[in-house]
Participant: 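Dumping the structure here so I can ask a few things about it.
Nothing here was measured: the structure is a model prediction, and the numbers come from that model. All residue numbers in this chain count up from 1 along the given sequence.
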Amino acid sequence: MEPFNHNATFTCTDPPHPEWKPAENQPIPAPFSSTREAVYTAAELKREMYSLLISAVVPRPIAFVSTIGSDPGAPANLAPFSYYTIICHDPPTLMLSINYSRGKPKDTLINIQETGQFVINSFNEHFVESANHCSAPVPYTVEENALSGLTLIPSNFIKPPRCKEALLSFECTLSHSHNVENDAGDIVTCVVFGRVVGITVKNEVMDVESKVVDLALFKPVSRLGGNFYGRTVSGYEIKRPSA
């Protein structure tokens with residue numbers, strides 16, 4: 001593997017085909033062909049479905065979720081999840097899907113269901129190794145921040161703490177959740193909808209006037225297939241067509 005390039009920063013380029021005109025066909029490039037395709041049912045790929053989905057649905061943003069139990073003295077939990085996206089901006093709502101582990105809900109889901117609150121912290125490049133370490137399957141009583149070297153500090157609007165090292169944190173209350181069952185009728189995941197009630201963002205990373213995050217400073221990390229992570233170091237603008 002090549003060494004990590006710490007000097008890489010977000011740059012904006014021309015789109016891949018700036019000369020393209022409306023209604024002009026963009027053909028499949030070599031070596032692909034529209035006549036060479038493999039067709040499968042979902043049942044045929046049941047064993048390989050996980051590997052296929054996480055390698056094809058990419059890049060995926062990562063929610064670095066901090067929670068805490070409802071009991072006094074309950075340990076805090078810090079864990080990354082890449083089944084995550086925006087649902088709505090009014091009201092501001094984020095979606096998080098938390099798979100069960102060996103038939104049981106994970107600590108993050110248990111805490112969210114008990115308290116109705118959670119924080120989605122940004123997953124930034126400067127602490128990616130520490131954040132990845134929080135995915136270890138440790139007992140409920142073990143706090144992942146202590147194992148990873150990360151720091152949990154009080155949130156501004158809700159009980160669960162936020163990650164100090166994250167450049168942005170969305171403090172959320174549980175809007176609703178939905179259990180997903182497999183063909184055998186077993187609950188295998190829970191989709192959680194969180195309404196954002198407060199946002200904490202580090203100075204400089206967001207433009208004060210436009211409230212737009214600077215990707216060159218934010219350096220978000222995404223999940224790819226297998227154990228791979230992705231960087232956001234290039235992009236291009238394509239304006240939406242007018243009516």
Participant: Could you state the interatomic distance from CD1 (Ile120) to SG (Cys163), rounded to the nearest 0.5 Å?
Facilitator: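 Interatomic distance, Ile120 CD1 to Cys163 SG, rounded to 0.5 Å: 13.5 Å.
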
Participant: Using modelled atom types and a 3.5 Å cut-off, is there a donor and acceptor pairing between side-chain atoms of Glu143 and backbone atoms of Pro75?
Facilitator: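 No: the side chain of Glu143 does not pair with the backbone of Pro75.
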
Participant: Could you tell me whether the side chain of Glu171 and the main chain of Val197 form a donor-acceptor pair under 3.5 Å?
Facilitator: no

Participant: Taking only residues two or more places apart in sequence or in another chain, which ones pass side-chain contact (heavy atoms from CB on, under 4.5 Å) with Ala184?
Facilitator: Asn182, Asp186

Participant: If you look at every heavy atom in Ser66 and Pro160, which pair is closest and at what distance?
Facilitator: O-CB, 3.9 Å

Participant: Does anything in residues 103-114 form a side-chain hydrogen bond (donor to acceptor under 3.5 Å, both in side chains)? List the pairs, not counting sequence neighbours.
Facilitator: Thr67-Asn111, Ser70-Glu114, Asn77-Thr108, Asn111-Tyr140

Participant: Specify whether Tyr229 and Phe123 have parallel, tilted or perpendicular ring planes, treating 30° as the upper limit for parallel and 60° as the lower limit for perpendicular.
Facilitator: parallel

Participant: How about Thr151 and Asn145: does a side-chain donor come under 3.5 Å of a side-chain acceptor?
Facilitator: no

Participant: Could you check whether any side-chain N or O of His126 sits under 3.5 Å from a backbone N or O of Glu165, counting only pairs where one atom can act as donor and the other as acceptor?
Facilitator: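 Yes; at least one donor-acceptor contact below 3.5 Å.
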
Participant: Only distances under 3.5 Å count here; give the side-chain donor-acceptor pairs of residues 219-227 to other protein atoms, sequence neighbours excluded, each with its distance to 0.1 Å.
Facilitator:
| unit_1 | atom_1 | unit_2 | atom_2 | d |
| --- | --- | --- | --- | --- |
| Arg223 | NH1 | Gly226 | O | 3.3 |
| Arg223 | NH1 | Phe228 | O | 2.7 |
| Arg223 | NH2 | Gly226 | O | 3.1 |

Participant: Tell me whether Glu181 contacts the main-chain N or O of Ile187 through its side chain, where contact means a donor paired with an acceptor under 3.5 Å.
Facilitator: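 Absent.
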
Participant: Please list all pairs meeting side-chain hydrogen bond (donor to acceptor under 3.5 Å, both in side chains) that have one or both residues in residues 194-218, counting only residues at least two apart or in different chains.
Facilitator: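 Pairs touching residues 194-218 that pass the test: Asn156-Thr200, Asp207-Ser210.
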
Participant: Could you work out, with side-chain contact (heavy atoms from CB on, under 4.5 Å) as the rule, every residue matching Pro72, not counting sequence neighbours?
Facilitator: none

Participant: Examine distances only and state if a side-chain atom of Lys164 and a backbone atom of Arg162 form a donor-acceptor pair shorter than 3.5 Å.
Facilitator: no

Participant: Any donor and acceptor pair, going by atom type alone, linking the side chain of Ser51 with main-chain N or O of Glu48 inside 3.5 Å?
Facilitator: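 Side chain of Ser51 to backbone of Glu48: no pair is present.
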
Participant: Within the side chain of Asn121, is there an N or O that forms a donor-acceptor pair under 3.5 Å with the backbone of Phe64?
Facilitator: yes

Participant: Check residues 86-103 and write down every donor-acceptor pair under 3.5 Å in which the side-chain atom is one partner and the other belongs to a residue at least two apart or another chain.
Facilitator:
| unit_1 | atom_1 | unit_2 | atom_2 | d |
| --- | --- | --- | --- | --- |
| Thr93 | OG1 | Pro91 | O | 2.9 |
| Ser97 | OG | Thr189 | OG1 | 3.1 |
| Asn99 | OD1 | Thr189 | OG1 | 2.9 |

Participant: Kindly say whether Thr173 contributes a backbone atom to a donor-acceptor pair with the side chain of Gln117 at under 3.5 angstrom?
Facilitator: no

